[in-house]
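These values consider heavy atoms only, across backbone and side chains, with no hydrogens, waters or symmetry-generated copies. FYI, the numbering just counts along the sequence from 1. Bear in mind the structure is a predicted one, so any value in this text is a computation, not a measurement.
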Amino acid sequence: MRIIEKVKLDKLDSCGSRSPLSIMLDVIRKIKECDEGVEILINDYDWLLSLKYVLKINNLKMKIEEKGKEDNFLKLEVSRDCT
């Protein structure tokens with residue numbers, strides 16, 4: 001899989017007027033092909049749960065794989081579910 005964009009979201013940093021969830025969705029919407037994906041680093045598990053829920057209710061066919069930790073951030077790879 002080719003990572004087309006990476007984003008790191010820290011719960012201790014201010015995200016300004018944009019929520020972490022909207023930032024993640026903007027990056028995910030850039031995925032156009034089955035061999036593309038994005039890498040997201042987060043340090044708030046609630047963001048992952050919210051992301052899964054929003055993808056589901058919007059019927060966005062994406063898969064989220066947890067790839068361990070990097071610098072105390074949960075590393076996620078999000079890609080199209082082309083199965």
>> Pair Glu65, Leu76 - check side chain to side chain contact (heavy atoms under 4.5 Å, CB included), show working.
In response: CA-CA 6 Å; Glu65 295 180 53; Leu76 308 172; over 6 Å; no
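In this structure, SG in Cys82 is found 7.5 Å from NZ in Lys63, a value given to the nearest 0.5 Å. Rounded to the nearest 0.5 Å, atoms CD (Glu33) and CZ (Arg2) are 8.0 Å apart. Going from atom CG of Asp26 over to atom CG of Leu21 covers 9.5 Å, rounded to the nearest 0.5 Å. The line from CG of Asp71 to NZ of Lys69 is 11.0 Å long, rounded to the nearest 0.5 Å.
Every side-chain contact (heavy atoms from CB on, under 4.5 Å) that Ser22 has, sequence neighbours left out, goes to Arg18, Ser19.
Note: the hydrophobic cluster containing Ile28 does not contain Phe73 (ILVMFWY, side chain heavy atoms under 4.5 Å, direct or indirect links). Under a hydrophobic clustering in which Ile, Leu, Val, Met, Phe, Trp and Tyr are joined whenever their side-chain heavy atoms come within less than 4.5 Å, directly or via other members, Leu60 and Leu49 fall into the same cluster.
Pairing each heavy atom of Met62 with each of Val78, the nearest pair is CB-CG1, 4.1 Å. Closest of all the heavy-atom pairs between Leu51 and Met24 is CD2-SD, 4.1 Å.
Counting only heavy atoms from C-beta outward, the side chains of Ile4 and Lys32 never approach each other to under 4.5 Å. In this structure, the side chains of Ile3 and Glu77 come closer than 4.5 Å at one or more pairs of heavy atoms.
Within the 3.5 Å criterion, the main-chain N or O of Asp35 finds no donor-acceptor partner in the side chain of Arg80.
Side chain to side chain, Asn58 and Lys56 fail the donor-acceptor criterion of an N or O pair below 3.5 Å.
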Determine all donor-acceptor pairs shorter than 3.5 Å in which one atom belongs to a side chain in residues 37-46; sequence neighbours excluded.
residue : atom : partner : partner atom : Å
Asn43   : OD1  : Lys11   : N            : 2.8
Asn43   : ND2  : Asp10   : OD1          : 2.8
Asp44   : OD1  : Asp46   : N            : 3.0

